[in-house]
Amino acid sequence: MDCIFCKIANGDIPSKKVYEDEMILAFHDISPMAPVHVLVIPKVHIENVDAVTEENSKYISHIFEKIPAIAKVAGAENGYRVITNCGENGCQSVMHLHFHILGGVKLPEKMA
Ligand code: DGP
C-alpha cells in the first residue's frame with residue numbers, strides 16, 4: 001500500500017522518533033505548527049476515525065494510554081492539545097490515522 005505513514009512505521013522513510021513500541025509510533029511533524037508538534041500513529045493501517053472498529057480500537061486506547069508520557073518527553077509543559085483530522089471537511093491530508101500533539105506554548109482558544 002502506498003501510505004507514507006505505513007512507510008514511516010516500517011522504517012522505510014526516516015522520522016524523528018519520540019516514542020515507539022510494538023503497536024504505535026510517535027514522531028515529530030515535518031511542518032510543525034507549535035514548538036511541540038508530534039504525531040502519534042498506530043503501526044497498522046487505519047484510515048481515520050471513521051475506520052475505527054471493535055477489532056482495532058485497542059490501538060486507539062493504547063495511543064491514549066501513552067500520550068501523556070509522549071507529550072512530556074517531547075517537552076509539552078503545562079498542557080497540550082490532541083487533534084485528529086477526519087476526512088475531507090476535517091482537512092485530513094494523510095489517510096492513515098494520526099493524532100497531533102500540540103504544545104510548548106499557550107495555544108489559541110479558538111480551534112476552528
Ligand atoms: P493532517 O492534515 O491531519 O492529515 O496532517 C498530516 C500531517 O502529517 C501534517 O501536519 C504534516 C505531516 N506529514 C506529512 N508527511 C510527513 C512526513 O513525511 N514526515 C513527517 N514527519 N510528517 C509528515
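First listed ligand is number 1; within each ligand, the first listed atom is number 1. All heavy atoms count here, side chains included; hydrogens, waters and symmetry mates do not.
- Contact detail for Gly87 and Asn48: the closest heavy-atom pair is N-ND2, 3.9 Å.
- When all heavy atoms of Asn85 and Cys91 are compared, the pair lying nearest together is ND2-O, 4.0 Å.
- Nearest protein neighbour of atom 14 (C) of ligand 1, counting heavy atoms only, is Val94 CG2, 4.0 Å.
- Of all the heavy atoms in Ala76 and Gly103, the pair that sits closest is CB-CA, 4.4 Å.
- Within ligand 1, the atoms closer than 4.0 Å to a non-hydrogen atom of Ser93 are 1 (P), 2 (O), 4 (O), 5 (O), 6 (C), numbered from 1 in the order shown.
- Minimum heavy-atom separation, Arg81 to Glu109: NH2-O, 4.3 Å.
- Asp21 CG: more than 12 foreign heavy atoms inside a 6.0 Å radius.
- For His100, the closest heavy-atom approach to ligand 1 falls below 4.0 Å.
- Interface of Cys91 with ligand 1, defined as ligand atoms under 4.0 Å from a residue heavy atom, comprises 2 (O).
- The residue Ile83 has no part lying near ligand 1, judged by heavy-atom distances below 4.0 Å.
- If you check which protein heavy atom lies closest to atom 10 (O) of ligand 1, you get Asp29 OD2, 2.5 Å.
- At a 4.0 Å heavy-atom cut-off, ligand 1 does not touch Ile13 at all.
- Proximity of Phe99 to ligand 1, defined as any heavy-atom pair under 4.0 Å, is not found for any part of the residue.
- Below 4.0 Å from some heavy atom of Asn85 lie the following atoms of ligand 1, by number and element: 1 (P), 2 (O), 3 (O).
- Contacts between Lys16 and ligand 1 below 4.0 angstrom, taking non-hydrogen atoms only, are absent altogether.
- When atom types are taken as modelled, the side chain of Asn56 and the backbone of Ala51 share a donor-acceptor pair closer than 3.5 angstrom.
- Residue-ligand proximity, Ile8 to ligand 1, at heavy-atom distances under 4.0 Å covers atoms 17 (C), 18 (O), 19 (N).
- Nearest protein heavy-atom neighbour of atom 8 (O) of ligand 1: Phe5 CZ, 3.4 Å.
- Taking Ile, Leu, Val, Met, Phe, Trp and Tyr as members and joining any whose side-chain heavy atoms lie under 4.5 Å apart, directly or through other members, the hydrophobic cluster of Ile24 also contains Val18, Tyr19, Met23, Val36, Val38, Val40, Val44, Ile46, Val49, Val52, Tyr59, Ile60, Ile63, Phe64, Ile67, Ile70, Val73, Tyr80, Val82, Leu97, Phe99, Ile101.
- Looking only at protein heavy atoms, the nearest one to atom 21 (N) of ligand 1 is His28 O, 2.9 Å.
- Judged by the shortest distance from any of its heavy atoms, Met95 lies outside the 4.0 Å radius around the atoms of ligand 1.
- Using a distance-only test at 3.5 Å, with no hydrogens or angles considered, no donor-acceptor pair links the side chain of Lys66 to the main chain of Glu20.
- Within 6.0 Å of atom CG in Asp12, more than 12 heavy atoms from other residues, nucleotides or ligands are found, so the atom counts as buried in its surroundings.
- The protein atom (non-hydrogen) at minimum distance from atom 13 (N) of ligand 1 is Ile30 CG2, 3.7 Å.
- Taking the six-membered ring where the residue is Trp, His37 and His100 present tilted rings, their angle falling between 30° and 60°.
- Within the 4.0 Å heavy-atom criterion, the part of Ile4 lying near ligand 1 is the side chain and not the backbone.
- Looking at His98 against ligand 1, only its side chain comes within 4.0 Å, counting heavy atoms.
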Checklist line | side-chain contact (heavy atoms from CB on, under 4.5 Å) assessment of His96 paired with Ile4 | finding: CA-CA 8 Å; His96 181 127; Ile4 194 158; over 6 Å; no
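- Interface atoms of ligand 1 facing Phe27, defined by a heavy-atom separation under 4.0 Å, are 20 (C), 21 (N).
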